[in-house]
2 protein chains.
Amino acid sequence: MERNVPSIMLVDDEADILEFLAYNLRKEGFSVHCARNGEEAVALAATFRPDLIILDVMMPGNDGYETCRRIRSLPDMGRTVIAFLSARGEDLSQIEGFEAGADDYIRKPVRPRVFISRVRALLRRNPSGREEPARLVYGDLEIDRERYIVIRNGIETDLSRKEFELLVLLASKPGKVFTRDEIFTGVWGNDVVVGERTIDVHIRKIREKTGTGSIRTIKGVGYCFS
Amino acid sequence: MERNVPSIMLVDDEADILEFLAYNLRKEGFSVHCARNGEEAVALAATFRPDLIILDVMMPGNDGYETCRRIRSLPDMGRTVIAFLSARGEDLSQIEGFEAGADDYIRKPVRPRVFISRVRALLRRNPSGREEPARLVYGDLEIDRERYIVIRNGIETDLSRKEFELLVLLASKPGKVFTRDEIFTGVWGNDVVVGERTIDVHIRKIREKTGTGSIRTIKGVGYCFS
DNA sequence: GTGAATGTTAACATTGTGTTTCCTTTCGCG
DNA sequence: CGCGAAAGGAAACACAATGTTAACATTCAC
């Protein structure tokens, strides 16, 4: 019933940062596991095989690079994206990070919005296919997730961010009926504070731009892309 | 043979909130137990092993975190999902909650619709596997719960919401005779009062759309899917 | 700061579901 | 076989859910 939510593992010895990041990710609907040190991280990674691992470079004992290598050497870990968290001034360490098998670097201090969009971008890199590819093509409709545009019969149309995220959510499972609640958590995150009617307005705008036939209403239930 | 209804335990010292939540959950057909404090909560949890526990953070004496830890340390409690209730502004405490073994937090004030859908989502997380598959196939009839359609001999048919919910209920146990009362509580919930004849009308529409043979009438008792 | 683009709310129009009503048909039982 | 209760069926109604528009609020780039 629920969308296959991407899972993320956070590894940091500082509880504050862990909490902060986990809170922001969960709010966006991601599944989050936390580890306090390298040992825990390797064990958790082996168990949950997260789609994305965010790893602090500086940790007591077994440091980030070592942990990264050990995780990379686990079986079936090729599809997992690993990103390092590093404080300012540790620039030199970047090279060692990439050598250890990291895919990206995230600089502290972390700002929530930037962080979340970075995470999404990283998940898109994940070849496991849990997150859709950059371009989705359905009949005469093409959705380009990188450029935030929709191409219908060769005509490009801009969508706003919310419009686009909503469309992408629906299009991620054509035919599936998304309830209003699923749409809220999928697009707005877990603690929703917008009115019930907001979705309708966005749906209308999407229909206006992509053609009426693209989204079907199932009264009393929700909407569905077809 | 009754349907295996998910059980939920509510823990809060404020009677108002307890009643409000219990009322809304029972209306949706859940089995609800309430506790006023940590002691009661631990005892009840041990006895009933609910599928989901919703725990207020702020309680006199033994607070929510401590209660959560004690519940988590009970035997066979691994499959239980625990969620915290917290008021706005307690942001930091949410994180302590996760450390204490919580799976999610719910912000006050609680809005019934959002709350219910959140509860359903949490129950779905429960690995006990009670969740039902998206597609049910019976002979030449296929019910696609994800797409809200019925396929008979390859022909897709739309059902309205009530029609669909009723059909899904009957089809969840083929051969079982559902009494009218069971149908009412299963589809309409516990406190909705509608006329006796309403069910008949929906049954008629379902038969119209899915073929006469799908639902059998047991006069004086109820209906049965076959 | 300022203005444009986006997001949200509010108000009204419209649609279709859900329910009721009323009448007909079927079934169970003596 | 006839009677009454229960269910089938068709239509009408009420109302909740959604469509639509415009005003208002917010965000973001410049």
Side-chain angles (χ1 to χ4, degrees), chain A residues 111-114 116-117 147-150 157-170 177-184 186-189 191-225, chain B residues 111-114 117 148-150 157-170 177-184 186-189 191-225:
Chain A
R111 286 199 305 170
R113 293 199 50 158
V114 180
I116 294 294
S117 73
R147 294 197 289 158
Y148 267 59
I149 59 167
V150 165
T157 313
D158 290 317
L159 295 197
S160 77
R161 198 177 123 212
K162 280 278 188 285
E163 287 161 22
F164 200 81
E165 285 175 2
L166 177 43
L167 177 61
V168 165
L169 174 65
L170 296 182
V177 177
F178 287 82
T179 65
R180 280 160 179 276
D181 292 328
E182 283 176 314
I183 293 173
F184 273 130
V187 177
W188 278 262
D191 32 34
V192 191
V193 283
V194 296
E196 298 284 328
R197 314 305 321 284
T198 304
I199 289 178
D200 306 44
V201 178
H202 286 291
I203 291 280
R204 188 190 150 275
K205 288 182 187 160
I206 296 171
R207 282 179 172 149
E208 200 171 67
K209 291 176 179 177
T210 67
T212 321
S214 57
I215 297 174
R216 196 162 52 95
T217 303
I218 292 82
K219 206 161 174 166
V221 187
Y223 296 93
C224 134
F225 181 88
Chain B
R111 288 197 298 174
R113 288 199 49 158
V114 179
S117 82
Y148 262 75
I149 59 171
V150 166
T157 313
D158 290 319
L159 296 195
S160 79
R161 192 175 79 160
K162 279 278 187 288
E163 287 159 23
F164 199 82
E165 286 174 359
L166 178 43
L167 177 61
V168 166
L169 175 64
L170 296 181
V177 178
F178 285 83
T179 66
R180 279 158 181 279
D181 283 338
E182 283 176 314
I183 293 174
F184 273 127
V187 177
W188 277 263
D191 73 341
V192 184
V193 185
V194 293
E196 292 291 321
R197 313 309 319 285
T198 302
I199 289 179
D200 306 47
V201 177
H202 286 294
I203 292 282
R204 187 187 145 270
K205 286 183 185 161
I206 295 171
R207 283 178 172 149
E208 204 170 65
K209 291 177 178 177
T210 67
T212 321
S214 57
I215 297 173
R216 199 157 49 92
T217 303
I218 291 81
K219 202 158 174 163
V221 187
Y223 296 92
C224 141
F225 180 88

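Keep in mind the model is a prediction, meaning the values are calculated, not measured. In what follows, every chain begins at residue 1, and chains take the letters A, B, ... in the order their sequences are listed.
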Report the distance from atom CD of E163(A) to atom P of dT8(C), rounded to the nearest whole Å. 11 Å

Upstream residue (5' side of DNA chain D) when K205(B) and D200(B) are each assigned their closest nucleotide: D200(B)

I'd like to know if R161(B) reaches the base of dG16(C) with its side chain such that a donor and an acceptor end up less than 3.5 angstrom apart. no

For the side chain of T217(A), starting at C-beta, report the closest nucleotide among dT19(C), dG19(D), dG8(D). dG19(D)

pair I199(A)-W188(A): side-chain heavy atoms closer than 4.5 Å: yes

Nearest-angstrom distance from the residue atom CD of E165(A) to C1' of dG7(C): 12 Å

Regarding the side chain of Y223(A), the nearest nucleotide among dA7(D), dG19(D), dT19(C) is dG19(D)

Is the phosphate of dT19(C) approached by W188(B) (side-chain N or O, under 4.0 Å from OP1 or OP2)? yes

dA7(D) C1' sits how many Å from I215(B) CD1, rounded? 14 Å

Interatomic distance, Y148(B) OH vs dT17(C) P [rounded to whole Å]: 14 Å

Side chains of L167(A) and E163(A): closer than 4.5 Å at any heavy-atom pair? no

Would you say the side chain of H202(A) lies within less than 4.5 Å of the side chain of I183(A), judging by non-hydrogen atoms? no

Does a distance-only test, which skips hydrogens and angles, find a donor-acceptor pair under 3.5 Å between the side chain of R197(A) and the base of dG19(D)? yes

Heavy-atom contacts, protein to nucleotides 24-30 of chain C, under 4.0 Å, summarised as B (base), S (sugar-phosphate only) or - (none) per nt, yield --BB---

In this structure, how many angstroms lie between the C1' atom of dG7(C) and the CD1 atom of I183(A), rounded? 16 Å

Side-chain heavy-atom pair I203(B), L170(B) within 4.5 angstrom cut-off: yes

Roughly how many Å is it from NE2 in H202(A) to P in dT21(D), rounded to a whole number? 16 Å

Rounded to whole Å, please give me the gap between CD in E208(B) and P in dA7(D). 19 Å

Do V150(B) and F164(B) make a side-chain contact, defined as non-hydrogen atoms from C-beta onward lying under 4.5 Å apart? yes

Nucleotide dG8(D), atom P - distance to CZ of R216(B) in whole Å: 13 Å

From dT19(C), dA22(D), dA10(D), nucleotide with atom closest to R204(B) side chain: dA10(D)

DNA chain C: T198(A) or K209(A), which has the more 5' nearest nucleotide? K209(A)

For residues F225(A) and L169(A), determine if any side-chain heavy atom of one lies less than 4.5 Å from a side-chain heavy atom of the other. no

Checking contacts here: which listed nucleotide (dG7(C), dT20(C), dT8(C)) is nearest the side-chain heavy atoms of S160(A)? dG7(C)

Check whether any side-chain heavy atom of I218(A) sits under 4.5 Å from a side-chain heavy atom of R161(B), and report yes or no. no

